Amino acid sequence: MSNVHPKAQNALVALYPGSFDPIHNGHVDIIRRAADLFGRVIVAVYDRPDKRLLFSTEERIELVEAAVAQWTNVEAASYASLTVEYATTRGANAIIRGLRATSDFDFEFQLALMNRHLNHDIEALFLMTSLEHAHLSSTLIKELANHGAPVEDLVPSRVADALRLKRERS
Ligand code: ADP
């Protein structure tokens, strides 16, 4: 990936929330593009999503940090509150979400309207997935890795190593 130095020189802050269990190339692409638009991007790892997790919060943060280390205006943090509340405490102007196919839309639309209901001042911003990442989801990647299928083309190298370790230890 390119852009070691951020292009965006503005004071705008974006929060990119999710489970990131684990982070994959589709997420990294969204982060890179957000980092070109915003002065600062906070990748916010949700501490307790309503799903079964493979990686602990600390592991998920570590993997995000390794994946974004090349961009000086991107940081990782965990949070356990409502996303809009966390966005407010971090001074975020926008909440970024990535959109894959139409299947993401219904849920994201509802979530964005609920977030606006809770806080009018934080804008929801959607970045369309890149074609080459449209089929990626953390769930599918975990399933592939669990069966020993190669995932090196789908995730950052640290994540591929971490998935391999999980499989060996299970
Ligand atoms: P959540 O658990 O909230 O669905 P994820 O960690 O799976 O969060 O994803 C975080 C965000 O990244 C969501 O907005 C999701 O739609 C987006 N995302 C997930 N996979 C992709 C992808 N392949 N391309 C673009 N965006 C994606």
Side-chain angles (χ1 to χ4, degrees), residues 1 3 13-38 40-68 71 74-87 90 92-116 118-119 122-146 149-160 162-163 166:
M1 298 265 172
N3 299 337
V13 179
L15 190 89
Y16 179 36
S19 314
F20 304 105
D21 184 46
I23 188 167
H24 57 62
N25 289 352
H27 297 132
V28 175
D29 179 56
I30 297 288
I31 295 165
R32 177 187 62 78
R33 288 156 56 198
D36 279 351
L37 295 171
F38 287 84
R40 197 149 62 89
V41 176
I42 302 163
V43 182
V45 176
Y46 188 41
D47 194 22
R48 35 183 141 149
D50 190 18
K51 36 175 123 166
R52 224 167 58 90
L53 293 169
L54 179 63
F55 293 98
S56 69
T57 303
E58 292 69 30
E59 289 171 323
R60 287 179 288 140
I61 293 260
E62 246 180 70
L63 293 173
V64 170
E65 278 174 347
V68 304
W71 299 301
V74 180
E75 67 183 86
S78 72
Y79 74 106
S81 57
L82 279 176
T83 301
V84 278
E85 280 175 7
Y86 185 61
R90 298 302 310 266
N93 305 94
I95 293 173
I96 300 281
R97 297 285 285 176
L99 278 185
R100 282 162 295 191
T102 50
S103 52
D104 277 339
F105 182 79
D106 280 351
F107 177 66
E108 293 294 341
F109 186 50
Q110 194 183 8
L111 196 62
L113 290 182
M114 183 55 82
N115 284 342
R116 183 175 300 157
L118 294 169
N119 187 332
I122 299 179
E123 194 54 78
L125 204 69
F126 298 92
L127 297 183
M128 215 57 79
T129 188
S130 301
L131 256 189
E132 66 267 38
H133 301 127
H135 59 303
L136 299 189
S137 76
S138 297
T139 304
L140 265 184
I141 287 166
K142 281 182 283 190
E143 193 163 337
L144 290 186
N146 192 32
V151 293
E152 282 74 11
D153 291 347
L154 313 177
V155 295
S157 57
R158 283 279 293 273
V159 175
L163 284 166
K166 285 278 180 201

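Ligands are counted one by one from 1 in listed order, and the atoms in each one are counted from 1 as well. Just so it is clear, the model here is predicted, and its values are computed rather than measured. This chain uses plain numbering: 1 for the first residue, then up along the sequence.
- Contacts between Asp29 and ligand 1, counted as non-hydrogen atom pairs separated by less than 4.0 Å, are absent for every part of the residue.
- A donor-acceptor pair is defined here as one N or O able to donate and one able to accept, closer than 3.5 Å; such a pair exists between the side chain of Arg100 and the backbone of Leu136.
- Arg40 is linked by a side chain to side chain contact (heavy atoms under 4.5 Å, CB included) to Val13, Ile42, Glu75, Arg90, counting only residues two or more places apart in sequence or in another chain.
- In terms of protein heavy-atom proximity, atom 23 (N) of ligand 1 is closest to His133 O, 2.8 Å.
- Tyr16 counts as a contact of ligand 1, since one of its heavy atoms falls under 4.0 Å from the ligand.
- Counting heavy atoms from C-beta outward, Asp104 and Thr129 have side chains that stay 4.5 Å or more apart.
- Ligand 1 lies nowhere less than 4.0 angstrom from a heavy atom belonging to Ala134.
- Contact check for Leu63 versus Val155: no side-chain heavy atoms found under the 4.5 Å cut-off.
- The local environment of CD in Glu132 is crowded, with over 12 non-hydrogen atoms from other residues, nucleotides or ligands closer than 6.0 Å.
- Distance from atom 18 (N) of ligand 1 to its nearest protein heavy atom, with residue and atom name: His27 CD2, 3.9 Å.
- Less than 4.0 angstrom separates some heavy atom of Ile30 from each of these atoms of ligand 1: 25 (C), 26 (N).
- Ranking protein heavy atoms by distance to atom 3 (O) of ligand 1, first place goes to Arg97 NH2, 3.2 Å.
- Ranking the protein heavy atoms by distance from atom 24 (N) of ligand 1 puts Thr129 OG1, 2.8 Å first.
- Ligand 1 does not have Met128 within reach: every non-hydrogen atom of the residue lies 4.0 Å or more from it.
- Contact annotation: the side chain of Lys51 never approaches that of Asp21 to less than 4.5 Å [non-hydrogen atoms, C-beta and beyond].
- Note: His27 and Phe20 have perpendicular aromatic rings, judged against thresholds of 30 and 60 degrees for the angle between ring planes.
- Using a 4.5 Å cut-off on side-chain heavy atoms (C-beta onward), Tyr16 and Val68 make no contact.
- Each of the following atoms of ligand 1 lies closer than 4.0 Å to a heavy atom of Pro17: 10 (C).
- A donor-acceptor distance shorter than 3.5 angstrom exists from the side chain of Ser56 to the backbone of Glu59, with no hydrogens or angles considered.
- Counting only heavy atoms from C-beta outward, the side chains of Arg52 and Lys142 never approach each other to under 4.5 Å.
- When Asp36, Ile30, Ile31 are each tested for a side chain to side chain contact (heavy atoms under 4.5 Å, CB included) with Arg33, only one passes: Ile30.
- Numbered from 1 in the order shown, with element, the atoms of ligand 1 that lie under 4.0 Å from a heavy atom of Lys51 read 1 (P), 2 (O), 4 (O).
- Below 4.0 Å from some heavy atom of Gly18 lie the following atoms of ligand 1, by number and element: 3 (O), 6 (O), 8 (O), 10 (C).
- Looking at ligand 1, you'll find an N or O of Phe20 within less than 3.5 Å of one of its N or O atoms.
- Contact between His24 and ligand 1 is present, with at least one heavy atom of the residue lying under 4.0 Å from the ligand.
- Residue contacts with ligand 1, taken as heavy atom pairs separated by less than 4.0 Å, do not involve Ser138 at all.
- For atom 2 (O) of ligand 1, the closest heavy atom belonging to the protein is Ser19 OG, 2.5 Å.
- Each of the atoms 14 (O), 16 (O) of ligand 1 lies under 4.0 Å from some heavy atom of Glu108.
- Shortest contact from atom 26 (N) of ligand 1 to any protein heavy atom: Gly98 CA, 3.5 Å.
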